[in-house]
Amino acid sequence: MTTVDTRKAAPRRRVNLHAIGPLAALVVLLLIGMALNDNFLSYGNLTNVLARSAFIGIIAVGMTFVITSGGLDLSVGSMAAFVAGVMILTMNALLPTMGLGVGVILVGILVGLLTGLFGGAINGLLITRGRIEAFIVTLGTMGIYRSLITWLADGGTLSLNYELSGVYRPVYYGGILGISWPILVFALVAIGGEIVMRHTRFGRHCAAIGSNEQVAKYSAVNVMRVRMATYVLLGILVGVATVMYVPRLGSASAATGVLWELEAIAAVIIGGTMLKGGFGRVWGTVVGVLILGFIGNILNLTDLVSPYLNGAIQGVIIILAVVLQRGGLKAH
Amino acid sequence: MTPILSLSAVTRSFGPVEVLHGLDIDLHAGEVHALIGENGAGKSTTMKIMAGFLPPTSGTVRIDGQPVTLTSAAEAEAAGIVMIHQEFNLAAHLTVTQNVFLGRELRRGLFLDHKGMRAQTQALLDRLHCHASPDARIADISVPDRQMVEIAKALSRRARVLIMDEPTAVLTDRETGVLFEQVERLKAEGVAILYTSHKLPEVRRLADRVTILRDGTRVQSGPANGMTEDKMASAMVGRDLSDLYPPKRRGGEGVILSAENICVPRFVTEASFELRQGEILGFAGLVGSGRTELMEAIAGLRPRDGIVTVNGATLTPEDMRGALDQGLVYLTEDRKECGLLLNKSLRENLTLLSLDRFSHGLIDRKAEEAALDRAIADWDIRIPHRDVLAGNLSGGNQQKLLLAKTMLTEPRIVIIDEPTRGIDIGTKQQIYRFIHRLAAEGLSVIVISSELPEVIGLCDRVIVMQAGRVAGQVSGADVNEQSIVRMAMGLQGEAA
């Protein structure tokens, strides 16, 4: 083993190709989009894609923390549907007593966030205190929430009162400085997530637990509390995403949020976070979300490939991303 | 006589760095050939080339005089070359029998011959005096038993060349004795054995021929008789090692830690002891005597009954953070599974235990880098470059990193479990100096060790555990091998 004079060895940054991979893929995708359709880079199209991606994106940021610490959450899609249902029922029920206005909406938002928080806490408690595997717990709660929303909607659709919808609408369709609220919220969540992951104890502890739970325990990390916190955080973010989603359609049904969990997990993996935990990258997740969003968009804008093949292309990209990551690790 | 396996002028490079410079070594039938050297001297690389895990960059590997190119471990095994790894290659969830026959299961027609495999495994285990059941899962048996299963697996492959990478690192003296019997027996059967160990007395006892490596070069090779342990050690390190242990130091009078009637379910029964200011207190006993469990319980890593006080303050059970706040820290014996995140950088490992000192809301990256600079200098951690992963360091450097990580909490009491397991003699000497330096700075240190010379060389007072109880303690001139062994075996009660 050779020794390096450590005084001279300033921290050096090596360009990490495998970290840049997803970003390069996104750039290529954007170039393809530009080449195929003049409208691709238009303000309208970009806003549309970003706003639609925001829901998955907000959830995927939370999912990054869960996966980094060696966990998984399959319940987020049906949890979102359930949260939406609870919000709509609450707001409709409060309308007669509170009257039409911002007050009802605020209560609805609060209820949405709290429902998400409780949903995450239940997952977290079963996984940490109950010592049941995350896959099993969240597979179970996924079924439970999906069934609950179907039951609440009596097999049909829960609709927000028409006038209330009008008051709530700007939360999805409005914005400031030409940027719509969902995009702004997504950006804030992403920036916050990136900072928390890279620059705080919580982020470091998540990676430590995912890397080797035993080592984390021997390093005085409260493994249960950190793990619990990741699921609660994800639950709250599911709440945030749903709060932004409800004003879009003003309704919730058994079809709301279907497969969101897989899209969120896919975005996390494409972004370079390791599925078995130990390493997570929030900005990578954002890139993953955008890649998935733009693929769908490009297929819709051009008639090169049928939009029905969207899922197939996303699947190929996910597998490719993991293969490339492995190649990158080998080269390391 | 033609050697069964020989390497001539073998080199090996990793990227631009050559780690093995033109090595010659011959393994003869019926001979135990010891390969010794410090960590990083090139022993592992040599063994991996022999066992087909790594191809040489240049040079020739010959089997029975014929040049061969081994491209995989399977090919080497087919040629009769079997390696027993230091990190076990056992599937934790399979049974002992399934592991022994993994990859070459016996069949009867289309189906597995469970009975036959079980019987053969039982016979092998009996031969090794190993009491593990062939039906037990690997995860459920002790570490020494796992080592025996590894050896049984190698025996079942009818090896012509057996490569043993520190097989005794996790064995007790009695198990080591059993292993030696088997080595002698294989030798008599004409197997060529390559043996590595950091324990020079073993090498002295077992080896017919010794090859000493330093920095990837053979510095000495020859018959074992005529080579003393001192000569071997000096050749390995390249300097004189007569003063392995610094002069002993006596603790102060004040009691800084007291443990009363500590019970850990299944492991420890009513253990009581006191630690004095500035003392280096030894804990001896057989593997499995409850030393580690006792210390983990005191440090807040295991449930316990009983009272622990540090400087008058009582510690809450199962509260490691609380123990740290009182200045008590425990350094694990298992640096790979409990000590370090092997796939993380040095910086992240160094600060993990004391991250609160580096974070005021956000983590102060600059302070972390500065701490790493200091740690590398203070603990003499030798690294190829700064962004190396902890898992790529040699055992000695990992141990130094773990020490640095632990000391970053600025403790007053340090419990070090097996401070030098699997570490070369040069680094050992360094670590002993470090431990003395800590005590000289006023810290109180507890050293748990299965290596008696280490406890005897370091400590002025030694507590001996046996079957989960404190069997007794010795101090001053009574700290010697005989009195400790007698207590550890349960031959003597409260004595001295």
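Chain identifiers are assigned alphabetically (A, B, ...) following the order of the sequence lines, protein sequences preceding nucleic acid strands; residue numbering begins at 1 within each chain.
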Relative to chain A, which segment of E368(B) carries a heavy atom at a distance below 4.5 Å: side chain, backbone, both, or neither? side chain

If every non-hydrogen atom of E296(B) is compared with every non-hydrogen atom of Y218(A), which pair is closest and at what distance? OE2-OH, 2.5 Å

Hey, does K217(A) have a side-chain heavy atom less than 4.5 Å from the side chain of L301(B)? yes

Could you please state which residues from residues 186-205 of chain A sit under 4.5 angstrom from chain B, measuring non-hydrogen atom to non-hydrogen atom, sorted by number, or 'none'? I195(A), R198(A), H199(A), T200(A), R201(A), R204(A), H205(A)

Who among V221(A), N212(A), N222(A) has the most heavy-atom pairs with chain B under 4.5 Å? N212(A)

If you tally heavy-atom pairs under 4.5 Å between each of L340(B), T409(B), T332(B), D319(B) and chain A, the highest tally belongs to L340(B)

Chain A heavy atoms under 4.5 Å from L372(B): which part of the residue, side chain, backbone, both or neither? neither

With respect to chain B, which residue among A207(A), A216(A), S219(A) yields the maximal number of heavy-atom pairs within a distance under 4.5 Å? S219(A)

Side chain, backbone, both or neither of Y330(B) within contact of chain A (heavy atoms, under 4.5 Å): side chain

Mind listing the closest non-hydrogen atom pair of A220(A) and L324(B) along with its distance? CB-CD1, 3.6 Å

Whatever's closer than 4.5 Å to a heavy atom in chain A on L352(B) counts as both

Tell me, yes or no, whether the heavy-atom count around R225(A) atom CZ, taken from other residues, nucleotides or ligands under 6.0 Å, exceeds 12. no

Leading residue by heavy atom contact count with chain A [cutoff under 4.5 Å; candidates A299(B), G216(B), C338(B), G339(B)]: C338(B)

Mark yes or no for whether K344(B), through its side chain, and S211(A), through its backbone, hold a donor-acceptor pair below 3.5 Å. no

Tell me, side chain or backbone of N349(B) under 4.5 Å from chain A's heavy atoms, or both, or neither? neither

Within a 6.0 Å radius of atom NZ on K48(B), are there more than 12 heavy atoms belonging to other residues, nucleotides or ligands? no

Can you say whether T351(B) sits under 4.5 Å from chain A via the side chain, the backbone, both, or neither, judging by heavy atoms? side chain

